[in-house]
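Computed from a predicted structure; not experimentally measured. Just so it is clear: chains get the letters A, B, ... in the order the sequence lines come, proteins before strands, and each one is counted from 1. Heavy atoms only: backbone and side chains are in, while hydrogens, waters and symmetry mates are out.
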2 protein chains.
Amino acid sequence: MNEAVVLTSERILEVTEDVLRRYGLAKATVVDVARALDVSHGSVYRHFPSKASLREAVAKRWLERVSKPLAQIAAEPGPAPVKLERWLRELFDAKHKRVCEDPEMFATYLTLAREACSVVKAHKQDLIAQVEGIIAEGVAQGAFDVADPKIAAAAIFDATRSFHHPAHADEWADCTCSTRVDAVLTLLLRGLAAR
Amino acid sequence: MNEAVVLTSERILEVTEDVLRRYGLAKATVVDVARALDVSHGSVYRHFPSKASLREAVAKRWLERVSKPLAQIAAEPGPAPVKLERWLRELFDAKHKRVCEDPEMFATYLTLAREACSVVKAHKQDLIAQVEGIIAEGVAQGAFDVADPKIAAAAIFDATRSFHHPAHADEWADCTCSTRVDAVLTLLLRGLAAR
DNA sequence: GCGCTGACAGATTTCAATATCTGTCAGCAC
DNA sequence: GTGCTGACAGATATTGAAATCTGTCAGCGC
């Protein structure tokens with residue numbers, strides 16, 4: 001009758017994150033995860049066909065925690081330029097906070113993401129689609145002058161890589177970073193604006 | 001009388017590049033370099049105080065080969081917007097060509113650059129200063145409307161990272177890359193333009 | 001004297017033996 | 001039947017001894 005002992009994929013993922021936090025990415029094994037769940041490691045393989053797929057699922061959960069709050073901003077009403085700026089700043093803040101508050105876990109997730117590149121690609125497509133939505137809205141409002149919102153969205157994503165791509169995380173602590181964000185956002189919003 | 005046997009820092013650097021190409025970064029040793037030069041390894045230490053400083057010097061040479069042709073473009077006369085676009089495209093082309101033509105050597109130089117981060121910082125400052133010059137010129141010509149050319153130059157550099165930072169090199173082969181470069185350049189030039 | 005050599009100490013890397021892990025599956029318990 | 005276990009084979013990681021490398025310097029040859 002004890003519901004807690006039911007082994008679900010969700011529970012495995014939660015415990016796997018704990019194990020990764022405790023042991024680190026390099027040392028965490030499927031056996032460790034099984035031990036933390038108090039089951040045999042064979043049981044874990046009943047829910048995930050391989051260690052790689054388990055890690056991929058952890059990466060996916062992590063990326064979803066980034067994209068959900070952004071989707072909410074994208075769905076709100078209001079002027080597109082303000083919304084785009086808010087959306088981008090939220091994206092940067094989410095990333096910067098994660099790396100500042102728990103750098104080790106950030107490094108762990110980063111490596112997981114490198115391995116699960118198809119998951120990352122889907123995440124990127126999701127984010128770009130959200131930006132595309134905001135830009136199309138801006139065009140409809142007469143605020144933006146853009147030939148192709150899809151291409152413009154990809155350009156916005158490319159042009160802000162310095163502030164959201166983990167390869168540049170070591171610069172995010174830099175005190176000039178906020179000024180640099182402001183400068184790029186100003187430039188990009190001017191570039192999109194109807195005149 | 002044979003000038004070829006004179007041991008100069010320059011000659012050591014040339015031979016070191018050969019050795020790196022032949023053996024790879026991980027396996028190339030100071031002893032290998034000395035053997036290629038037909039001297040004892042102690043002689044190499046007469047010109048470079050450590051293996052790290054030798055590697056740093058190799059990285060510096062490589063970066064200078066990137067920045068010199070750009071400085072030439074920056075020094076030419078002409079309308080700033082055209083020049084800025086040419087300068088940026090030359091920067092991207094230089095990087096993209098290097099990674100396409102000799103990916104192994106690119107990886108080698110990339111690792112060297114990571115180690116010699118002070119050299120890379122100076123290189124970055126150099127490039128940003130060149131952009132600043134072009135932007136200031138554009139302001140003087142009435143083509144650009146920019147509050148602070150220094151900040152704008154840093155913003156242009158940040159906003160084009162996707163196309164010149166080696167962390168994104170794996171995307172440079174992508175067939176959509178040229179479209180993406182066009183989209184970002186259009187956006188940025190519109191953002192700088194006086195209206 | 002000047003520049004190079006080569007032996008050396010300590011640090012680092014390699015390699016092979018050993019231990020641990022991944023993924024499977026026959027069989028047990030319910 | 002359903003879901004879990006634990007022994008197993010092959011793959012991967014760890015370890016410590018041996019080999020190699022880095023950086024120094026006394027001394028040799030010109």
Side-chain angles (χ1 to χ4, degrees), chain A residues 1-60 104 107-108 111-112 114-116 118-119, chain B residues 1-60 104 107-108 111-112 114-116 118-119:
Chain A
M1 275 295 172
N2 187 350
E3 290 295 329
V5 298
V6 174
L7 193 59
T8 63
S9 299
E10 187 58 25
R11 212 164 94 72
I12 293 174
L13 288 177
E14 280 166 23
V15 169
T16 302
E17 284 197 14
D18 279 353
V19 168
L20 285 172
R21 189 163 269 115
R22 211 179 292 277
Y23 295 69
L25 183 60
K27 296 208 167 175
T29 71
V30 176
V31 174
D32 292 328
V33 173
R35 200 175 4 246
L37 285 159
D38 205 35
V39 296
S40 73
H41 74 281
S43 300
V44 174
Y45 280 98
R46 200 154 282 285
H47 292 83
F48 296 93
S50 66
K51 187 183 184 180
S53 75
L54 175 57
R55 290 173 144 214
E56 188 176 291
V58 171
K60 198 172 175 187
E104 280 182 42
T108 295
T111 306
L112 286 177
R114 274 193 216 283
E115 288 170 4
S118 70
V119 170
Chain B
M1 277 296 174
N2 188 348
E3 291 295 328
V5 298
V6 174
L7 193 58
T8 63
S9 298
E10 187 58 25
R11 212 165 95 71
I12 292 174
L13 288 177
E14 279 167 22
V15 169
T16 302
E17 283 196 15
D18 280 352
V19 169
L20 286 172
R21 188 164 270 116
R22 211 179 292 277
Y23 295 70
L25 182 60
K27 296 208 168 176
T29 69
V30 176
V31 174
D32 292 329
V33 174
R35 200 175 4 247
L37 284 160
D38 205 36
V39 296
S40 73
H41 74 280
S43 301
V44 175
Y45 281 98
R46 199 155 283 284
H47 295 266
F48 295 93
S50 66
K51 187 182 187 181
S53 76
L54 175 58
R55 290 174 148 217
E56 189 178 289
V58 171
K60 198 173 174 187
E104 279 183 43
T108 294
T111 306
L112 286 178
R114 272 192 218 285
E115 289 170 3
S118 69
V119 170

Between the protein and nucleotides 28-30 of chain D, list every N/O to N/O distance that falls short of 3.5 Å.
none

Can you check the A/Ile12 CD1 to D/dG3 P distance for me, whole Å? 14 Å

Residues two or more places apart in sequence or in another chain: which of them pass salt bridge (charged side-chain N to carboxylate O under 4.0 Å, His left out) with B/Arg22? none

Given atom CZ of A/Arg11 and atom P of D/dG3, what is their separation to the nearest angstrom? 17 Å

Determine, for nucleotides 13-27 of chain D in 5'-to-3' order, which nucleotides have protein heavy atoms under 4.0 Å from the base (write B), from only the sugar-phosphate (write S), or from neither (write -). --------SBBB---

Not counting sequence neighbours, which residues clear side chain to side chain donor-acceptor pair (under 3.5 Å) with A/Ser9? List them please. none

Is there a side-chain contact between A/Leu20 and A/Leu112, using heavy atoms and a 4.5 Å cut-off? yes

Test of understanding: with side-chain contact (heavy atoms from CB on, under 4.5 Å), list the residues that count as partners of B/Arg21, not counting sequence neighbours. B/Asp102, B/Met105

Who pairs with A/Glu104 by salt bridge (charged side-chain N to carboxylate O under 4.0 Å, His left out), at least two apart in sequence or on another chain? none

Residue pairs involving residues 50-59 of chain A (criterion side-chain hydrogen bond (donor to acceptor under 3.5 Å, both in side chains); sequence neighbours excluded): A/Arg55-A/Glu115

Any side-chain N or O of A/Ser43 less than 4.0 Å from the OP1 or OP2 oxygen of D/dG3? no

Which atom pairs, one a donor and one an acceptor, fall under 3.5 Å between side chains of residues 28-38 of chain B and the rest of the protein, sequence neighbours left out?
unit_1  : atom_1 : unit_2  : atom_2 : d
B/Thr29 : OG1    : B/Val31 : N      : 3.3
B/Thr29 : OG1    : B/Asp32 : N      : 3.0
B/Thr29 : OG1    : B/Asp32 : OD2    : 3.1
B/Asp32 : OD1    : B/Arg35 : NH2    : 2.9
B/Asp32 : OD2    : B/Thr29 : N      : 3.0

Listed partners of A/Thr111 passing side chain to side chain donor-acceptor pair (under 3.5 Å), at least two apart: none

